[in-house]
Structure formats: structure tokens, C-alpha cells
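For the single chain, residues carry numbers from 1 onward in sequence order. Whatever order the structure lists them in is the order used to number ligands and atoms, beginning at 1.
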Amino acid sequence: MTSNNPQTREWQALSSDYHLAPFSDFKQLKEKGPRIITHAKGVYLWDSEGNKILDGMAGLWCVAVGYGRDELADAASKQMRELPYYNLFFQTAHPPVLELAKVIADVAPEGMNHVFFTGSGSEGNDTMLRMVRHYWAIKGQPKKKVIISRKNGYHGSTVAGASLGGMTYMHEQGDLPIPGIVHIAQPYWFGEGGDMTPDEFGIWAANQLEEKILEVGVDNVGAFIAEPIQGAGGVIIPPDTYWPRIKEILAKYDILFVADEVICGFGRTGEWFGSDFYDLKPHMMTIAKGLTSGYIPMGGLIVHDDVVEVLNEGGDFNHGFTYSGHPVAAAVALENIRILRDEKIVERVRTETAPYLQKRLRELSDHPLVGEVRGVGLLGAIELVQDKATRKRYEGKGVGMICRTFCFENGLIMRAVGDTMIIAPPLVITPAEIDELVTKARKCLDLTLSALQG
Ligand code: PXG
């Protein structure tokens, strides 16, 4: 712990003495101490040392409407005074959850008209797994249990979520994946495309789905789950050929398709959902994050009418959480979606800020460290390489972490996934703030290159 600020040191001592942080090396964090974020406004965070930081990750991909929106605080406060809690079990409901379900159906793709609420994206995917198996059991095909997912996909951190995800470093802890979940290759051309063109590789990666269905047996496969664009895996934008080929395969076999929209949903791509962007027509969509702009936890599963029709014949679905459809979270989500709609934020992303961010980001392609810049909507990735032509990495140097540290020190949050730098700023970011983001990113790329050469 290096801070000279006694208040920072006090908070870091509390962290060291009492707190276990997610996805962290407990011992290392104890020694180093976390950065303490104290307040935020718009796209900016402030830490306890007084540093102002441009949040290029919208928190953890979630703060769509930006920080410091009083309307959301007021909606929570009002709902807390009126009805702070009631549950949806045993044939009860409350106004905010019902109104929210309707508003979500309004913005969701056609036919996606029912919502099962959860407390998080992980719980949404746990719900999905149980609902898919329940669905097939009702249809008299209880063997259709297997869910096909993708390597390096991210679907959460619960037992089902981490199993559905394709992160091997997560599987290694806790004997995952659980049975009944299998993984296929991801459509990551830059990292895994070898000598194929992106289009050839997109077809190859999509064909892995058909091969897996045939290997497992279509009578045993319940569903395929995928993020329209993988977020935590490194903003993996599939080649143009990928989704059309996947759609052909899905049309051929009788399995359900689940789009995990936890990151892509609520405007991130410039459409309301990633499924709109790629015209995916899923049977179910997992949601969280942008649903409440992260102001309060809430997730859910949007279910297509065709699936609901079957579920309606199945009696009780024995599943639910104490906080399913929590009234305060529902009130915040309603206000968040009202802001997204009234301020035309999704349209603004599509027509103004996404094209501008993508243009400005691609200017970084000329940097000697940069092997590829890609992005869609307000998602972006910068691949750091030693050799642009061969896509060869700096082996064992931890270049991504070096760059991330420079970003932190220079007032920008840009995440590193291996040697891929990723950004997903709040959807309300302005062109001037995009300029600042890109200027800071270039400076940090320069600093990273100097550190490698030095
Ligand atoms: N699906 C997707 C696509 C996600 O990105 C989840 C499900 C799980 O949601 P909850 O609310 O249970 O966390 C996520 C979450 C990262 C990172 O390092 C990403 C997530 C969570 C934690 C870290 O980018 N995404």
C-alpha cells in the first residue's frame, strides 16, 4: 500500500482485513490494496486520491445511461417508500414488475413477449438451463438436455453460468463444467483463424456447431447458447459469414437458440439487442447489466411466445429467487428504459457516437503495437502484437497488463483480456469524450511500446 492519503490507507486496510474481492488474488490484493472509487458523474469516475478517470468500460459493461442520474435514484427512493419488497411467488405480483415486463416486450424482438426476472445475468442463465430442460420434458423429449456453448464465451459465475461459459481458468476451479454442457470453437479470427480468411474461418467456426450436434445426437441437444458478440472473452466480433451459417444450422435441427444479451442488450450495438443487429431470432435472451444501467442488480430471461406456449402446458416451473423481479430494481429498470427511449440514446449510438468511435478507434491501426482494431456499436477491441503481418504476440511479456496499468495511471479505464485491450464506454459518451478516450489510448500505447523497448 503506497498511498500517502490516510483516508485511502484506512479503506485499503479494511479491504485487507475484511474483504474478499471477486476474480482477485486475495493475497496479492492485500499487499497492493485496491484503488478506491468514491464517486462518479457522466462517463467519469473519481478515486480517493482525487484522480478523475474516463470510464471506458461503463463499470463492468453496464452503466448505459452514465453515472449520477438523479431520476434513477428518485425512482428507487419512491419505490422503497411505497413497496420496498414483495415477492412474485404464490400467485402475487406488484405494479413495477408487471409494467417492466410489458416495456421490455415493447423493445425486444418480435414474439419475445414474456420475462422471467432474476437478480443477475448468471441467475438468468441458470434459469435458462432449467427452463430449456423443462421445456423439452413437457414436449416428451426429456433426453434433450445437452446445452452447446462456446469456448471463451462468458455466461456467469454460478455453477451453471461458469459451466456454460468457456473459460478454462474458471473450469479448473471447482470441477466444471457440470455434465450436460459441451463447448465448440469460438469465431475469433484474429487469434485462431490461422491461414484462413475471416470469411472462411467464420464458416469453419459455425460448422463446429453442426458437427457437435451430430456428435452428441440431435435427440440429446436442448439448446445452443451464444453471445451475439463475446464481451468478456475480448470483444470477439464474428466474421460476416458466421451468424448466417449458424442460422442455417439452427433451422435444420430442432434445438432452441439462446442469445446471451447481458452485454449486447439495451443499446450497446446501436440496436436494442445484439439479436436485432445480427437478425438472430432467438427463443430466449438472457439480460442484465444495461437493464438497470447497473444502478441496482437485476437480470432476467426473455422468452419467445412459442416457448411460453409449451411451458404453459407444463404445470409449475419449480424455480425462482427471493429477489426475482424485486420492486425497487424493477422501478429503476423502468426509469432506465424510459431514459434510453425518451433521450433516443440507442438511436444516437447507432447514428452518431458508434460511427464516430469506430472511425476514431481505427485511426490507432497505424500504431506499431496494434495488429487489429475492431468494433461494433460502442464496443471496441485493440489487438497488441509484436508483428502486424503475422499477428505474432509478444510472448510472456504481459503486454495487455502493462498497457492497462498505463491507462489507469493516465486517467483511462481500458480493460485487458490477455493482449487484447477492450472498451465499452457508457452509451451517453459524447464525441468530445470519445476524442479524449482515443487520445489517452494512443498515449498509453506509446508508453507501452517504450516500456517494451526500454
Ligand atoms: N452473460 C454475459 C454475456 C456476461 O457478460 C454474465 C452473463 C453474468 O452476469 P452477472 O450479472 O451474473 O455477472 C455476464 C457478466 C469481465 C466480466 O471481466 C464480465 C462479466 C462479469 C464479470 C466480469 O468482463 N459479465
Note: E123, heavy atoms under 4.0 Å from ligand 1, region reported as neither
Any heavy-atom pair between the side chains of L14 and H19 that's under 4.5 Å?
no
Within a distance under 4.0 Å of any heavy atom of E227, pick out the atoms of ligand 1 and give their elements.
3 (C)
Considering only heavy atoms of G121, which atoms of ligand 1 have at least one such atom less than 4.0 Å away?
8 (C), 9 (O), 10 (P), 11 (O), 12 (O)
Please determine if S122 has a nitrogen or oxygen closer than 3.5 Å to a nitrogen or oxygen of ligand 1.
yes
Part of L60 within contact of ligand 1 (heavy atoms, under 4.0 Å)
side chain
Less than 4.5 Å apart, side chain to side chain, heavy atoms only: is that true for Y154 and V262?
no
Quick check on contacts: which atoms of ligand 1 are under 4.0 angstrom from a heavy atom of S120?
11 (O), 12 (O)
Report, in ascending order of atom number, the atoms of ligand 1 lying under 4.0 Å from any heavy atom of I263.
5 (O)
Should F224 and I184 count as side-chain neighbours, where that means a heavy-atom distance under 4.5 Å?
yes
Option nearest atom 6 (C) of ligand 1 (shortest heavy-atom distance, choices V417, I225, V262, T286):
V262
Check this for me, if you would: do E347 and R350 make a salt bridge, where the nitrogen-to-carboxylate-oxygen distance has to be below 4.0 angstrom?
no
Counting from 1 in the order shown, the ligand 1 atoms closer than 4.0 Å to a non-hydrogen atom of D260 are 1 (N), 2 (C), 3 (C), 7 (C)
Which segment of W61 sits under 4.0 Å of ligand 1 when only heavy atoms are counted:
side chain
I'd like to check F273 versus L280 (side-chain heavy atoms, cut-off strictly below 4.5 Å). Are they in contact?
no
Within the 4.0 Å heavy-atom shell around A232, which atoms of ligand 1 are there?
16 (C), 19 (C), 24 (O)
Salt-bridged, R268 to E261, with N to O below 4.0 Å?
no
I'd like to know whether the aromatic ring centres of H134 and F317 sit less than 6.0 Å apart in this structure.
yes
Going by the order shown, which atoms of ligand 1 are within less than 4.0 Å of some heavy atom of R415?
16 (C), 18 (O), 24 (O)
Picking from L447, L452, T448, what satisfies side-chain contact (heavy atoms from CB on, under 4.5 Å) with C403?
T448
Ranked by distance from atom 20 (C) of ligand 1, the top protein heavy atom is K289 NZ, 3.4 Å
